There are 2 protein chains.
Amino acid sequence: MGTTRPETVPEPKYWHLRTVLSNALDSEFEVGEILPNERELAARFGVARATLRQALEQLELEGRLQRRRGVGTTVAPPRVGIEVEPARHGWPGAPGDAWQTEGCEESAPPAAVAGMLGADADRTVFTVHRVRVVHGQPVATELLYVPAASVPGMSAIETDAGAARGRAVLRELNRLEPGGQDRSVELGSARAEDAKRLDRLPGAPVLVVTTRYFAAGGTAAVAVSTYRADTCRLTFGDTGGVALMAS
Amino acid sequence: MGTTRPETVPEPKYWHLRTVLSNALDSEFEVGEILPNERELAARFGVARATLRQALEQLELEGRLQRRRGVGTTVAPPRVGIEVEPARHGWPGAPGDAWQTEGCEESAPPAAVAGMLGADADRTVFTVHRVRVVHGQPVATELLYVPAASVPGMSAIETDAGAARGRAVLRELNRLEPGGQDRSVELGSARAEDAKRLDRLPGAPVLVVTTRYFAAGGTAAVAVSTYRADTCRLTFGDTGGVALMAS
DNA sequence: AAGTGGTCTAGACCACTTG
DNA sequence: AAGTGGTCTAGACCACTTT
């Protein structure tokens with residue numbers, strides 16, 4: 001006969017709210033529907049707006065909600081399955097590649113990338129900017145680091161920094177004999193420029209996929225791909241986007 | 001000659017703080033070192049504690065910091081590389097498996113899992129609880145759903161719910177002819193029980209890996225693995241934990 | 001008992017989108 | 001101009017760990 005629940009350690013309000021809202025989303029809302037605004041929701045549940053926001057943040061992290069400043073909070077569709085291994089031994093720029101080349105520059109790579117590229121790291125590295133679009137929305141950005149040694153056909157003198165130059169780098173890269181790949185996936189937060197391209201705010205959670213492309217001589221290229229964590233489910237294997245269709 | 005920076009859109013304080021702290025971590029702190037407490041840091045930077053906490057949350061999300069209630073905020077070691085594909089065609093419980101079996105129960109699987117298991121979903125499903133330990137710390141928990149049809153040798157009558165029963169299920173599962181796997185990775189937030197096992201608070205960010213194990217007849221089992229997103233970097237391929245060693 | 005991070009409040013103002 | 005979510009404040013209290 002406790003007041004509400006004689007729990008030894010009471011559940012935080014925001015966590016309980018998250019559960020209540022999650023259930024409400026399942027039963028009372030349609031995908032794309034707009035929720036009441038934060039001030040009204042907070043009043044309705046009898047909590048401060050900050051507490052209500054804590055619950056909404058959780059649900060957004062889980063891909064259940066989508067919030068846009070000036071617009072409102074809507075019920076998010078299920079996450080999109082994104083194939084990260086389009087062809088186990090396909091290289092960037094190969095036929096069927098899901099990425100669009102947007103630009104190219106020459107610069108020194110970040111320390112972590114330089115370490116993976118090995119001794120050539122100090123020299124010129126082409127950085128190809130790419131973006132991956134699904135259903136008309138950009139879901140990922142990528143920086144592809146290609147040492148000059150991997151693309152001997154590229155003359156470093158040209159100053160054109162556009163997409164055409166990036167495509168030329170990829171074309172040269174595909175002349176190499178592919179030697180396999182490996183990947184890692186970790187959580188990150190979107191840098192300012194990535195956030196802008198992905199239509200998110202700085203600090204938004206992202207899944208960072210680091211891919212190493214091997215050729216005979218060693219590491220031919222390194223790609224750092226940044227996927228929106230709220231809308232993407234990365235898939236590995238031959239199922240593509242149908243993995244959860246039956247649910 | 002602007003006041004501070006005549007930027008059209010000023011950077012949020014917490015984001016700027018994140019950058020400042022991040023640089024300080026690189027240059028002035030050692031791994032494991034304890035930072036000043038939040039109230040002091042907030043005072044030192046001239047912001048409210050909530051704002052300071054927003055910056056710390058970002059850095060924790062990125063795996064740079066580790067915060068523990070009652071203890072303090074410490075500088076986190078680099079993320080651990082966790083091999084998610086120990087052997088491309090190895091199954092749970094096979095020799096060399098990195099997981100420890102902790103228990104087993106029989107229950108109806110969640111709807112999403114039931115959909116992946118197909119028509120047998122309504123019947124009895126063994127749910128094996130497992131945990132993955134690295135350097136003495138649990139980094140992931142797993143629920144492995146095995147339909148009774150996949151382990152005909154198991155009699156559903158035994159009521160023993162311990163680890164021994166779980167190991168028996170895995171033993172039976174390995175009698176099947178392995179038919180491949182596929183995986184997906186997405187961001188989630190730790191449920192209460194997972195959070196407790198992983199020594200985190202509810203809602204902590206986690207990487208959820210869903211694996212389907214195929215056999216001749218269809219889907220033989222489904223595993224839902226929950227990795228600590230703050231400390232883990234999931235690796236796919238043959239490099240293991242050495243991917244970023246040189247950086 | 002003291003000190004830490006975690007939760008919560010009530011309010012203010014800002015940036016952005018839309019009518 | 002109105003309405004939305006995003007940022008920020010100053011304070012309070014709580015849960016947890018350590019001394």
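In what follows, chains are A, B, ... by sequence order, proteins preceding strands, each numbered from 1. Predicted model only: the values in this text are computed from it and were never measured.
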Will you find, in the side chains of [X] and [Y], an N or O donor that is under 3.5 Å from an N or O acceptor?
X: Glu105(A); Y: Thr127(A); answer: no
X: Arg64(A); Y: Ser22(A); answer: yes
X: Gln66(B); Y: Thr74(B); answer: no
X: Tyr227(A); Y: Arg132(A); answer: yes

Out of dC8(C), dG5(C), dG6(D), whichever nucleotide has its closest atom nearest the side chain of Glu38(B)
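For the Glu38(B) side chain, the nearest candidate turns out to be dG5(C).
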Has the side chain of [X] got a donor or acceptor that lies under 3.5 Å from a partner of the other kind on the base of [N]?
X: Arg39(A); N: dG5(D); result: yes
X: Arg49(A); N: dG6(D); result: yes
X: Arg69(B); N: dG3(C); result: no

For the pair made of [atom1] in [X] and [atom2] in [N], what is the distance, rounded to whole Å?
X: Ile34(A); N: dT17(C); atom1: CD1; atom2: C1'; answer: 12 Å
X: Glu57(B); N: dG6(C); atom1: CD; atom2: P; answer: 8 Å
X: Arg67(B); N: dT17(D); atom1: CZ; atom2: C1'; answer: 16 Å
X: Leu56(A); N: dG5(D); atom1: CG; atom2: C1'; answer: 10 Å
X: Gln58(A); N: dT7(C); atom1: CD; atom2: C1'; answer: 13 Å
X: Arg200(A); N: dA15(C); atom1: CZ; atom2: P; answer: 19 Å
X: Asp199(A); N: dC16(C); atom1: CG; atom2: P; answer: 12 Å
X: Trp15(B); N: dA15(C); atom1: CH2; atom2: C1'; answer: 17 Å

Between Lys13(A) and Gly70(A), which is nearer to the 5' end of DNA chain C once each is assigned its nearest nucleotide?
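Checking each residue's closest nucleotide, the 5'-ward one belongs to Lys13(A).
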Just N and O in the side chain of [X]: are any of them under 4.0 Å from OP1 or OP2 of [N]?
X: Arg68(B); N: dC16(D); answer: no
X: Asn37(B); N: dT4(C); answer: yes
X: Tyr14(B); N: dC8(D); answer: no
X: Thr51(A); N: dT9(C); answer: yes
X: Arg53(B); N: dG5(C); answer: no

Need one value for Leu201(A): base, sugar-phosphate or nothing, where a base atom within 4.0 Å counts as base even if backbone is also close, heavy atoms only.
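Sugar-phosphate, backbone atoms only, no base.
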Regarding Arg197(A) and Glu193(A), does a basic nitrogen lie under 4.0 Å from an acidic carboxylate oxygen?
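Glu193(A) and Arg197(A): not salt-bridged.
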In terms of ring plane angle, is the pair Phe236(A) and Phe236(B) parallel, tilted or perpendicular, where the classes change at 30° and 60°?
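Parallel.
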5'-most by nearest nucleotide on DNA chain D - Val71(B) or Pro12(B):
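Nearer the 5' end of the strand: Pro12(B).
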Pairing check on dC16(C): which nucleotide meets the Watson-Crick or G-U wobble criteria with it, both distances under 3.5 Å?
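Base-paired to dG3(D).
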Across all strands, who's sitting opposite dG11(D) as a Watson-Crick or G-U wobble pair, both distances under 3.5 Å?
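dC8(C) - that is the nucleotide pairing with dG11(D), both distances being under 3.5 Å.
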